[in-house]
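In what follows, every heavy atom counts, from backbone to side chain, and hydrogens, waters and symmetry copies are set aside. In listed order, ligands and their atoms are each counted from 1. Predicted, not measured: the structure shown is a model, and the values here were computed from it.
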Amino acid sequence: MKMLVTGGAGFIGANFVYYELKHHPEDQIVVVDDLTYAGNLETLVVAMKHAQFKFVKADIADRAAMDALFAAEKFDTVVNFAAESHVDRSIENPEIFLRTNIMGTQVLLDASRKYQVGRYHQVSTDEVYGDLPLDRPELFFTEETHIHTSSPYSASKASADLLVQAYHRTFKLPITISRCSNNYGPFHFPEKLIPLMISRALADQQLPVYGKGENVRDWLYVEDHCSAIDLIIRNGRVGEVYNIGGHNERTNLEVVKTILRELGKPESLIHYVTDRPGHDMRYAIDPAKISGELGWTPATRFDDGIKKTIQWYLDNRFWWEHIINGEYQNYYAQMYNQR
Ligand code: NAD
Ligand code: TYD
């Protein structure tokens, strides 16, 4: 199999590249990534040593560049991870989210159609379903839950999903879509909750918890997301959506307190700040379809995954210290100083 992995220098894309190199060493992988603030070539240093791996710096919304790449490489499979992925940034500046997440997807769909790709897989998110109330723990997102978005980020991801489904219905493009809950693990960019809290706690800095910290996220260790996508692209039914999640619901406050406990830091570091506008209350996935049809089950429980993740950040300080010592400081000041 020859696979295009877009956004492979980002958090989940890079973990997926390593998963594929380990489990399918016979396959060829081409990563396309435009190396935005979230893309990091250092993450792919080990992958670069594999003969089966190739990196191309390009923008997925650049039609000429994608056309030339697809013409030259003749991919069997496309897995689209490339996206603007941070809700808070989408509230500050929605436009780039529409360009990359919607227009970029359309360019990839057109190229996949023109060059007769055997499978186009769209990496989507449970955020397209909106949120669930805190007082109805029996409710979960299924693949039939209505699309009902809250942020410019989730609206752009939902728009992309609709386009992907339209290309299947109208042009018979062989697509699949996965909608996963919040991921955590190695190479997670420190603007997101878990790596932000780990890096700040290690420096004895205040930990900014939005609102009351009661919002619930359904956390999945990133390798479990990768194994699910791997199953879908190989065995999933064309035209289908698969939800991915492992029933690991935690409030933000629980997550932050767990990190503090593991690092031996005091809870007095917690600092409540103004809530995110439109903040989704609860995400929770029902993974019955992917479990029943494809036999997928997550391997890592949150209590183990969070320990492994914290250990990774302790062992790989060079990776995240480069990031937080650069442009990130301006980002942090802009987003949090007046909060
Ligand atoms: P990320 O922000 O860490 O990585 C995104 C990558 O895409 C970066 O390497 C960036 O350089 C690249 N990119 C951005 N714009 C590009 C463009 N125009 N052309 C080429 N490359 C571009 O994101 P992530 O957390 O790894 O998320 C990957 C995908 O998974 C996204 O589609 C996201 O919506 C989805 N997802 C994420 C989560 C999560 O918890 N992080 C959960 C469910 C779904
Ligand atoms: P995030 O990692 O941005 O993921 P998402 O918004 O896509 O779920 O945030 C996870 C949760 O943590 C979310 O409820 C917002 C909250 N949060 C904070 O309380 N403080 C922070 O500094 C960040 C980045 C997030």
Side-chain angles (χ1 to χ4, degrees), residues 5-16 31-41 43-44 56-62 65-66 79-91 96-97 99-101 103-105 107-108 122-128 131 150-151 153-154 156-158 160-161 178-185 187-197 200 206-220 222 225 228-229 243-245 250-253 255-256 270-276 278-283 285 332 335-336 339:
V5 177
T6 73
F11 165 45
I12 309 173
N15 277 284
F16 182 72
V31 161
V32 159
D33 198 296
D34 206 25
L35 299 180
T36 68
Y37 80 91
N40 189 345
L41 267 190
T43 306
L44 292 174
V56 177
K57 182 186 178 316
D59 176 359
I60 58 161
D62 180 340
M66 289 305 111
V79 186
N80 182 25
F81 290 92
E84 289 292 332
S85 66
H86 192 32
V87 172
D88 292 329
R89 288 185 192 253
S90 83
I91 295 167
I96 183 72
F97 285 72
R99 185 181 180 280
T100 295
N101 300 1
M103 303 304 287
T105 295
V107 167
L108 293 173
Q122 179 73 2
V123 180
S124 187
T125 164
D126 62 353
E127 299 193 28
V128 302
D131 63 354
S150 310
S151 69
Y153 164 68
S154 57
S156 70
K157 293 295 291 184
D161 284 12
S178 53
R179 295 182 179 145
C180 190
S181 61
N182 286 63
N183 285 212
Y184 67 104
F187 304 121
H188 204 180
F189 194 86
E191 68 188 348
K192 306 283 168 55
L193 179 77
I194 288 180
L196 183 135
M197 296 300 171
R200 290 185 67 81
Q206 285 186 335
L207 309 186
V209 171
Y210 299 169
K212 296 182 191 151
E214 63 188 356
N215 306 65
V216 170
R217 296 294 182 264
D218 185 359
W219 294 98
L220 188 71
V222 63
H225 187 186
I229 294 173
N243 284 353
I244 309 171
R250 296 284 187 286
T251 66
N252 294 338
L253 208 50
V255 171
V256 172
I270 293 173
H271 180 61
Y272 294 95
V273 300
T274 309
D275 210 350
R276 170 189 281 171
H279 198 174
D280 282 336
M281 289 313 299
R282 171 174 170 248
Y283 302 143
I285 285 275
Y332 194 89
M335 300 297 261
Y336 291 90
R339 208 155 177 157

Taking only Lys NZ, Arg NE, NH1 and NH2, and the carboxylate oxygens of Asp or Glu, determine whether Lys57 and Asp34 approach each other closer than 4.0 Å.
yes
Looking at CZ of Arg276 and CE of Met335, how far apart are the two atoms once the value is rounded to the nearest 0.5 Å?
8.5 Å
Roughly how far, to the nearest 0.5 Å, is CG of Asn15 from CD1 of Ile12?
8.0 Å
Can you check whether Val123's main-chain N or O pairs, donor with acceptor, with Lys157's side chain at less than 3.5 Å?
yes
Between Asp275 and Val273 (side chain of the first, backbone of the second, donor and acceptor by atom type, cut-off under 3.5 Å), is there such a pair?
no
Side chains of Thr6 and Asn80: any donor to acceptor distance under 3.5 Å?
yes
Do you see a donor-acceptor pair shorter than 3.5 Å between the side chains of Glu127 and Tyr283?
yes
Does atom CE of Met103 have more than 12 heavy-atom neighbours, drawn from other residues, nucleotides or ligands, at distances under 6.0 Å?
no
Run the side chain to side chain donor-acceptor pair (under 3.5 Å) test on Tyr37 and Glu191 for me, step by step, so that the C-alpha distance in whole Å, both residues' side-chain angles and the decisive distance to 0.1 Å come before the verdict.
CA-CA 11 Å; Tyr37 80 91; Glu191 68 188 348; 2.9 Å; yes
Tabulation required: pairs of a nitrogen or oxygen in ligand 2 and a protein nitrogen or oxygen under 3.5 Å; columns are atom names and distance to 0.1 Å; otherwise 'none'.
unit_1, atom_1, unit_2, atom_2, d
ligand 2, 2 (O), Leu193, N, 2.9
ligand 2, 3 (O), Arg276, NH2, 3.1
ligand 2, 4 (O), Asn182, ND2, 3.4
ligand 2, 6 (O), Arg276, NH1, 2.5
ligand 2, 6 (O), Arg276, NH2, 3.2
ligand 2, 7 (O), Glu127, OE2, 2.6
ligand 2, 8 (O), Asn182, ND2, 2.9
ligand 2, 8 (O), Arg217, NE, 2.7
ligand 2, 12 (O), Asn252, ND2, 3.4
ligand 2, 14 (O), Arg217, NH2, 3.2
ligand 2, 14 (O), Asn252, ND2, 2.8
ligand 2, 14 (O), His279, NE2, 2.7
ligand 2, 19 (O), Tyr210, N, 2.9
ligand 2, 20 (N), Pro208, O, 2.8
ligand 2, 22 (O), Pro208, O, 3.3
ligand 2, 22 (O), Tyr336, OH, 2.7

With a 4.0 angstrom cut-off on heavy atoms, strictly below it, pick out the residues next to ligand 1 and order them by chain and number.
Gly7, Ala9, Gly10, Phe11, Ile12, Asp33, Asp34, Leu35, Thr36, Ala38, Gly39, Ala58, Asp59, Ile60, Phe81, Ala82, Ala83, Ser85, Thr100, Val123, Ser124, Thr125, Tyr153, Lys157, Cys180, Ser181, Asn182, Asn183
